[in-house]
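The analysis underlying the following values was restricted to heavy atoms, covering all of them including side chains, and did not include hydrogens, waters or symmetry mates. For this chain, numbers begin at 1 and follow the sequence in order.
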Amino acid sequence: MGLPTARIVRTLALSLAAIFASSGAFAGWQEDASPAEIDRLNQLPQIRDAAMTDAKAGQGRGDWHIVAGVMEPEAHAIPVHVLTGNWRCRQMKLGRMSSYIVYDRWFTCSIRLTRGGLLLEKTGGSQRFGGWLYQEQGAWVYLGASHVRGEPRHTYSGASPALGAQVTPDDQIGLLTGIGDNHLRLEIPAVQESLLDVVEFAR
């Protein structure tokens with residue numbers, strides 16, 4: 001495994017700085033998100049740092065260079081017309097149960113405009129997810145839920161201890177940003193098996 005360079009580490013701390021610094025609170029999607037998950041998304045830069053510290057501390061599974069290629073680029077804004085359409089997507093898990101796990105197989109994902117809004121879905125593989133995208137400071141906040149093949153697509157519940165409800169483990173919150181031409185990164189912080197789940201989109 002090759003260790004990440006100092007430039008990668010610096011980028012982890014800075015790549016979302018402009019997005020988070022420009023607004024102390026997100027707008028629009030908070031009406032649907034639970035307080036606990038709003039707080040979780042606000043902590044994304046710190047969670048990224050902790051996840052990458054774990055990732056470089058031990059032996060992981062898969063190609064480390066894929067992690068660097070997805071996490072190193074600085075985030076940039078993406079307009080709707082670039083987002084919509086079919087994508088290839090693959091996942092990685094950083095920190096906590098394993099230093100890192102990179103799944104090198106590509107599956108099918110899509111982003112499309114519907115009457116309900118902008119819908120993101122992973123429709124291939126055994127582990128799937130889907131939910132809505134909300135534009136925020138040039139990036140996109142994702143609120144969705146995971147499910148397995150054969151189940152109906154789960155919807156985001158917003159249940160959390162802060163609301164006096166039972167935790168719904170399928171709920172997801174994340175941030176989708178551009179990292180190159182036809183290249184996207186979705187970061188889902190503090191999930192069950194890892195500190196950070198990352199989905200790479202390419203076409």
(message) Donor-acceptor pair, distance only, cut-off 3.5 Å: does the side chain of Arg185 make one with the backbone of Pro73?
(response) yes
(request) Could you give me the CA-CA distance, side-chain angles and deciding distance for Arg48 and Glu187, then say whether salt bridge (charged side-chain N to carboxylate O under 4.0 Å, His left out) is met? (result) CA-CA 9 Å; Arg48 293 180 81 215; Glu187 298 171 272; 2.4 Å; yes
(request) Could you list all the disulfide (SG to SG under 2.5 Å) pairs where at least one residue sits in residues 81-128, not counting sequence neighbours? (result) Cys89-Cys109
(message) When you measure from the side chain of Arg40 to the backbone of Pro189, do you find a donor-acceptor pair of N or O atoms at a distance under 3.5 Å?
(response) yes
(message) Nearest 0.5 angstrom please: His183 NE2 to Ile78 CD1, how far?
(response) 11.5 Å
(request) Report yes if the side chains of Ile38 and Trp29 come closer than 4.5 Å at any heavy-atom pair, otherwise no. (result) yes
(message) Please identify which of these residues, Val199, Ile179, Thr177, Leu83, meets the side-chain contact (heavy atoms from CB on, under 4.5 Å) condition with Leu184.
(response) Leu83
(message) Taking Glu121 first and then Arg128, would you say they form a salt bridge - that is, a charged N and a carboxylate O separated by under 4.0 Å?
(response) no
(request) Could you list the residues that satisfy side chain to side chain donor-acceptor pair (under 3.5 Å) with Arg203, not counting sequence neighbours? (result) Asn182
(message) Distance check, rounded to the nearest 0.5 Å: Asp171 atom CG versus Ile188 atom CD1?
(response) 11.5 Å
(message) So, taking the atom named CG in Leu120 and the one named CD1 in Ile111, what distance separates them when rounded to the nearest 0.5 Å?
(response) 4.5 Å
(message) Is there a side-chain contact between Val102 and Met92 in this structure, where contact means two heavy atoms from C-beta onward sitting under 4.5 Å apart?
(response) yes
(request) Kindly compute the distance separating CG (Leu41) from CD1 (Ile173), expressed to the nearest 0.5 Å. (result) 4.5 Å
(message) Using the side chain to side chain donor-acceptor pair (under 3.5 Å) criterion, which residues pair with Thr123? Sequence neighbours excluded.
(response) Thr108
(request) State, with a plain yes or no, whether a side-chain heavy atom of Leu195 is found less than 4.5 Å away from one of Leu94. (result) no
(request) Go through the structure and list residues passing side chain to side chain donor-acceptor pair (under 3.5 Å) with Arg88, not counting sequence neighbours. (result) none
(request) Check side chain to side chain contact (heavy atoms under 4.5 Å, CB included) between Ser194 and all other residues, then give those that pass, not counting sequence neighbours. (result) Lys93, Val191, Asp197
(request) Go through the structure and list residues passing side chain to side chain contact (heavy atoms under 4.5 Å, CB included) with Asp39, not counting sequence neighbours. (result) Gln43
(request) Hydrophobic side-chain clustering at under 4.5 Å (ILVMFWY, transitive links): who's grouped with Trp106? Put none if nobody. (result) none
(message) Arg61: which residues meet the salt bridge (charged side-chain N to carboxylate O under 4.0 Å, His left out) condition with it, sequence neighbours left out?
(response) none
(message) With disulfide (SG to SG under 2.5 Å) as the rule and sequence neighbours excluded, what pairs involving residues 36-68 come up?
(response) none
(message) Could you list the cluster mates of Tyr103? Members are the ILVMFWY residues connected by side-chain heavy atoms closer than 4.5 Å, either directly or through other members.
(response) Ile101
(message) Is there a continuous path of hydrophobic side-chain contacts, each under 4.5 Å between heavy atoms, that joins Phe129 to Phe107?
(response) no
(request) Tell me yes or no: between the side chains of Asp54 and Tyr100, is some donor less than 3.5 Å from an acceptor? (result) no
(message) Does any part of the side chain of Leu113, heavy atoms only, come nearer than 4.5 Å to the side chain of Leu119, both counted from C-beta?
(response) no
(request) Would you give the length of the straight line joining atom CE of Met71 to atom CD of Glu200, rounded to the nearest 0.5 angstrom? (result) 11.0 Å
(request) Name all residues meeting the side chain to side chain donor-acceptor pair (under 3.5 Å) criterion together with Asp63; count only those two or more places apart in sequence or in a different chain, and write none if there are none. (result) His65
(request) Please name all residues satisfying side chain to side chain contact (heavy atoms under 4.5 Å, CB included) with Thr53, sequence neighbours left out, ordered by chain then number. (result) none
(message) Quick check: do Val198 and Leu186 have side-chain heavy atoms less than 4.5 Å from each other?
(response) no
(message) Less than 4.5 Å apart, side chain to side chain, heavy atoms only: is that true for Gln172 and Ser146?
(response) yes
(message) With rounding to the nearest 0.5 angstrom, report the CG to OH distance, Leu176 to Tyr142.
(response) 10.5 Å
